[in-house]
Amino acid sequence: MIDDANALELFRFADPVQSVTLRVACDAPMVAGEERYYAAEIAVESDFVNGTVGLHISDADLDEWGRCLDALEADEGAEWPPGGRSAWLSVIPEDPLEVTVHDSPSTQIAVQIPVDVPAGWLEANRLRLEHVRKAIGKR
């Protein structure tokens with residue numbers, strides 16, 4: 001679990017019934033060589049299933065999330081974060097949006113959530129990305 005006081009949402013896919021969010025702890029990164037990694041968690045909430053899975057994301061992962069948002073805007077699918085080192089998600093821009101959270105390589109469980117996202121969801125997620133970048137000092 002990450003501390004709410006220092007966490008920001010990187011993304012939110014939500015409708016009145018269910019949601020998939022990712023929160024990032026923007027303080028105290030773990031440093032490995034040249035890369036900084038931030039604790040994060042993906043949360044799934046619905047009437048059917050609720051759960052969270054932890055992961056660590058890097059500065060490079062934030063850049064990749066920006067490219068994923070570009071792909072979603074172009075009606076292409078996206079998988080993030082790359083590399084298969086932790087939990088990840090795939091997003092298919094259909095109606096409704098199809099978000100699948102994969103807990104790999106840990107439990108091998110995947111949960112698929114259809115989300116009827118409201119107008120403006122893409123712009124809202126771009127703003128969330130910029131807030132996280134500012135909080136960690138990356139522009």
Side-chain angles (χ1 to χ4, degrees):
M1 299 296 281
I2 59 176
D3 180 14
D4 287 339
N6 296 309
L8 291 175
E9 281 187 355
L10 178 60
F11 62 72
R12 170 178 285 277
F13 303 107
D15 63 29
V17 179
Q18 49 216 10
S19 67
V20 178
T21 59
L22 182 131
R23 295 176 343 114
V24 180
C26 295
D27 61 338
M30 185 174 64
V31 178
E34 297 287 317
E35 197 67 72
R36 295 180 298 173
Y37 290 89
Y38 299 87
E41 65 184 13
I42 300 173
V44 174
E45 296 181 9
S46 77
D47 289 341
F48 178 68
V49 64
N50 293 296
T52 60
V53 61
L55 67 157
H56 286 83
I57 62 170
S58 67
D59 295 335
D61 292 333
L62 294 176
D63 294 338
E64 183 60 29
W65 181 242
R67 288 187 283 278
C68 287
L69 291 173
D70 293 342
L72 292 170
E73 184 173 28
D75 287 329
E76 300 170 5
E79 292 185 353
W80 182 88
R85 67 179 188 272
S86 66
W88 59 283
L89 70 134
S90 59
V91 184
I92 300 174
E94 294 181 351
D95 188 17
L97 194 76
E98 183 180 295
V99 182
T100 305
V101 178
H102 305 262
D103 183 20
S104 303
S106 181
T107 65
Q108 306 278 321
I109 293 173
V111 177
Q112 182 180 16
I113 307 290
V115 183
D116 190 16
V117 291
W121 68 270
L122 190 61
E123 295 81 11
N125 280 311
R126 287 190 191 283
L127 286 173
R128 286 181 178 93
L129 172 59
E130 289 309 311
H131 288 152
V132 170
R133 283 182 168 154
K134 287 178 184 173
I136 65 169
K138 181 177 182 353
R139 298 186 191 255

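The structure presented is a predicted model; accordingly, all values stated were derived computationally and were not measured.
Hydrophobic clustering (ILVMFWY, side-chain heavy atoms < 4.5 Å, transitive): Leu89 and Val111 are in one cluster. Taken together through direct or relayed side-chain contacts under 4.5 Å among Ile, Leu, Val, Met, Phe, Trp and Tyr, Val17 and Val20 form parts of separate hydrophobic clusters. Leu22 and Trp88 fall into different hydrophobic clusters, where Ile, Leu, Val, Met, Phe, Trp and Tyr side chains are chained together by heavy-atom contacts under 4.5 Å. A single hydrophobic cluster is not seen to contain both Ile42 and Ile92; linkage of ILVMFWY side chains at heavy-atom distances under 4.5 Å, directly or through other members, places them apart.
Shown here for Glu9 and Val132, the closest heavy-atom pair between the two residues is O-CG2, 3.8 Å.
The stretch residues 24-44 participates, sequence neighbours left out, in no ring-ring contact (aromatic ring centres under 6.0 Å, His included) pair at all. Among pairs with a residue in residues 109-136, those fulfilling ring-ring contact (aromatic ring centres under 6.0 Å, His included) read Phe13-Trp121, at least two apart in sequence or across chains.
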Taking only distance into account, with no hydrogens and no angle test, what donor-acceptor pairs under 3.5 Å do side-chain atoms of residues 69-78 form with protein atoms, sequence neighbours excluded?
residue	atom	partner	partner atom	Å
Asp70	OD1	Arg126	NH1	3.0
Asp70	OD1	Arg126	NH2	3.0
Glu73	OE1	Arg126	NH2	2.9

Pair up each side-chain donor or acceptor in residues 43-51 with any protein partner under 3.5 Å, not counting sequence neighbours, and list the distances.
residue	atom	partner	partner atom	Å
Ser46	OG	Phe48	N	3.0
Ser46	OG	Val49	N	2.9
Ser46	OG	Val49	O	3.0
Asn50	OD1	Ser46	N	3.1
Asn50	ND2	Ser46	O	3.4

List, one per line, each side-chain donor-acceptor pair under 3.5 Å for residues 27-35, sequence neighbours excluded.
residue	atom	partner	partner atom	Å
Asp27	OD2	Asn6	ND2	2.9
Glu35	OE2	Asp59	N	3.4

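Side-chain atoms of Thr21 and Leu10, non-hydrogen and from C-beta on, never get closer than 4.5 Å to each other.
Under a 3.5 Å cut-off, the side chain of Asp61 and the backbone N or O of Ser58 do form a donor-acceptor pair. Side-chain N or O atoms of Gln18 include none that pairs as donor or acceptor with a backbone N or O of Val115 at under 3.5 Å.
Under the rule for a side-chain contact (heavy atoms from CB on, under 4.5 Å), the partners of Ala110 that lie at least two apart in sequence or sit in another chain are Thr100, His102.
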